[in-house]
Number of protein chains: 2
Amino acid sequence: MKMSDVAKLAKVSPATVSRVLCHPELVSKETRQKVMDVINSVNYKPHAVARQFRTKETRIILVVVPDITSSFFSEVLRGIEHIAVTSGYQVILGDTENSVEREEEYINLLYQKQADGLILLTARLNKKKLEELSGQFPLVLACEYMDGLNVPTVSIDNISSARKATEHLIKLGHTKVAHITGPISIVLSRDRLKGYKQAMVSHELEIDSAYIQEGDQTFDSGYNQMLKLLSLETPPTAVFVFNDDMAMGVIKAVKDCYMSVPEDIAVVGFDHIKMSVIYEPKLTTVAQPKYEIGKQAMELLLKQITGQLMNKKKIVLKDELIIGASCGQNSATTRTLEKI
Amino acid sequence: MKMSDVAKLAKVSPATVSRVLCHPELVSKETRQKVMDVINSVNYKPHAVARQFRTKETRIILVVVPDITSSFFSEVLRGIEHIAVTSGYQVILGDTENSVEREEEYINLLYQKQADGLILLTARLNKKKLEELSGQFPLVLACEYMDGLNVPTVSIDNISSARKATEHLIKLGHTKVAHITGPISIVLSRDRLKGYKQAMVSHELEIDSAYIQEGDQTFDSGYNQMLKLLSLETPPTAVFVFNDDMAMGVIKAVKDCYMSVPEDIAVVGFDHIKMSVIYEPKLTTVAQPKYEIGKQAMELLLKQITGQLMNKKKIVLKDELIIGASCGQNSATTRTLEKI
DNA sequence: CTGAAAGCGCTTACAG
DNA sequence: CTGAAAGCGCTTACAG
């Protein structure tokens, strides 16, 4: 069943049927009714690809995500998808499984006009390529902020959040604060490391390079890096960890060494994933507005697609330090007092 | 840049360019080379939608998932996506956020020919509608098995897995075994409940209807239902729980009542999500081959799309009972001995 | 308010 | 092995 068949049945031209569907206000009430009756009675559905081909818009966007099984990204994705569907767009999922090659394969879809725009939840591509891409297609970078990059971006301020998280530990009286980073190849890791260092320096604490260990984002790597830190001659008394997965691994390592969190070691994580609330002790962690990041990224993309361009706008959303039990507010207060 | 432009530059017809791209074996080596050189030098990419429109295949499939933020579904999705991309297909993500209406909206995409096939990770639709859909479009149902439904399906045998899980508790010496179900409106919940009952009956244990509580799949609901069970006059000594999220909530409830898992209450979960290994005590749980379910679902869908139809085949994959610490293998053995 | 006609960029059956 | 031509199902500028 195609539009011309509907037209015949309704005794109008195909153009009129098309108008009823796309611009009903251009058609007289009676004609409209007549056509709608036929459409409903034969259950006609317009051929999406034909329309896309004719109008040159697919109403599809592509979302490239480094790891779809991650609790963090899947919530951002939900935000994107929800707004997309509400606005009449569909989402093609591009799970790169952390591979740059797959990232580039997906981006090919844009050149083939398979999608009207792109949201990147990961940016392993270099700055030049990203800007070039952004010049050619509607593009939004979410989660990762890249300094001096001329591409619309939605993210939190990772540097200041990391600084805040570290300062929380310092204010609790800790001086030997370690940091387990994410893969140092990604900007996020470098930003959070920067924030950690800023906090240390501004409180005149020494940054012991043995206190900085690189993890790979997984629970196990948090576990292993923590064992390393614990076996130092002077182990830290507090650790700021790149993400919650690793932070939980850190806690597990501490437990396995017959020590306690927060009594012996205070831990702060990052992301506030669902599990961070369930794990014991409940994590102190930086909550990112995951759904909101997705939502705003999609809205920014839509603005570009519809041409309400906003000169490469950056949106920085508010994060929040969620106080759990993994830093020991109370015992820390005591420590501060002892110092005084 | 379109195909006819490339053709002009290469001094051949558009048909030849098309053949170079789609059926290179039909073109002489020299012509092919000449055309490829032009394609590369101008970086021509064929217009995907035009091709889709002409060939009547989108090489897009639709995956409808009830909850993209769930660790379980996102791993199944990864399996689907991986095989899809490897086979030259793209995946449109349909996150229903557990709403039946949204499920139907997504399915509309099939009628509009936006996708070549559909994988359902949730089936709230009734049997008749599903079979009708399956008659019209390539369709695979994954995760949920529906009795007597004539639709290709990939799943585990939920009844026998649930029976096995419950029997594990019974063999450990428990006679007062409770079950916290999922939402009883979904088939999976009813199947696992069935398995639980089978195990109880076949071991001649009484099924106390107060021992069966309906949860909603979340941690919190596991927590709440467990509190209810613990406040019974004769509380159970073991609980088989519909999924791991709720099982962790159950454990938390037990702890909060100053009791221990597994000493006071033994717990078995379902799914073997990542967190189940990290949580303490480590869950005993039924592992579903999540990635494999996704993979096989996609392969089954591809077979339908390419017309290698396999009379509404069902694939039942093997699950595995993973023994953690939440059932107390040892203490249980003791109990059994005591009984003797 | 409505219709006739052109055309979006490809692929493929047909002819040579 | 190659080209000319038709046509996939829509939408929209144009004319009336």
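Numbers restart at 1 for each chain; the letters A, B, ... are given by sequence-line order, proteins then strands.
When the nearest nucleotides of DNA chain D are assigned to B:Ala15 and B:Ala50 by heavy-atom distance, the more 5′-ward of the two goes with B:Ala15. Of the two residues contacting DNA chain D, namely A:Leu21 and B:Pro14, the nearest-nucleotide position lying further toward the 5' end is that of B:Pro14.
Salt-bridge formation is not detected for the pair B:Asp271/B:Lys290: no Lys NZ or Arg NE/NH1/NH2 atom is positioned less than 4.0 Å from an Asp or Glu carboxylate oxygen. In this structure, A:Lys127 does not pair ionically with A:Glu131, as no charged nitrogen and carboxylate oxygen lie closer than 4.0 Å. Ion pairing between B:Glu103 and B:Lys129 fails under the 4.0 Å rule for side-chain N and carboxylate O. We find that B:Asp67 and A:Arg78 are joined by a salt bridge, their nearest charged nitrogen and carboxylate oxygen being less than 4.0 Å apart.
Counting any heavy atom pair closer than 4.0 Å across all strands shown, A:Thr16 reaches sugar-phosphate atoms only and no base atom. B:Val12 comes within 4.0 angstrom of the backbone, heavy atoms only, and of no base.
As rounded to whole Å, 10 Å separates atom C1' of D:dT2 from atom NZ of B:Lys34. One can place CD of A:Glu25 at 13 Å from C1' of D:dT12, the figure rounded to the nearest angstrom. Atom P of nucleotide D:dC8 and atom CE of A:Met1 are separated by 15 Å, given to the nearest angstrom. In this structure, B:Lys8 atom NZ and D:dG3 atom C1' are separated by 15 Å, rounded to whole Å. For A:Gln52 and C:dC10, the CD to P distance is 15 Å, given to the nearest whole Å. B:Glu57 places its CD atom 15 Å from the P atom of D:dG9, with the value rounded to the nearest Å. Spacing between atom CZ of A:Arg51 and atom C1' of D:dC8 amounts to 16 Å, rounded to whole angstrom units. Atom NE2 of B:His23 is separated from atom P of C:dT11 by 8 Å (rounded to the nearest Å).
Nucleotide C:dA4 has no partner under the Watson-Crick or G-U criteria, as no pair reaches both atom distances under 3.5 Å. In this structure, C:dA13 forms no base pair with any nucleotide, since neither Watson-Crick nor G-U wobble geometry is met with both distances under 3.5 Å.
Distances shown here put a side-chain N or O of A:Ser18 below 4.0 Å from the OP1 or OP2 atom of D:dT11. Contact between the side-chain N/O atoms of B:Tyr44 and the OP1/OP2 oxygens of C:dC10 is found at a separation under 4.0 Å. For the OP1/OP2 pair of C:dG9 and a distance below 4.0 Å, the side-chain nitrogens and oxygens of B:Ser4 include no atom meeting the criterion.
Between the side chain of A:Thr153 and the backbone N or O of A:Val151, at least one donor-acceptor pair lies under 3.5 Å.
Each of C:dC10, D:dC10, D:dG3 was ranked by its minimum atom distance to the side chain of B:Ser13; first place goes to D:dG3. In the set C:dC10, C:dT12, D:dG3, C:dT12 carries the atom at the smallest distance from any side-chain atom of B:Thr55. Side-chain proximity of B:Lys56 to the nucleotides C:dC10, C:dA4, D:dC8 is greatest for D:dC8. Considering only the side chain of A:Arg19, D:dC14 comes nearest among C:dG9, D:dT11, D:dC14.
To the nearest whole angstrom, the two C1' atoms, one in D:dT12 and one in D:dG16, are 16 Å apart.
Lacking a ring centre under 5.5 Å from that of the base six-membered ring together with a plane angle below 30°, B:Phe53 does not count as stacked on C:dC8.
Open room surrounds NZ on A:Lys11; 12 or fewer heavy atoms of other groups in view lie less than 6.0 Å from it.
A donor and an acceptor atom never sit less than 3.5 Å apart when one is taken from the side chain of A:Arg54 and the other from the base of C:dG9.
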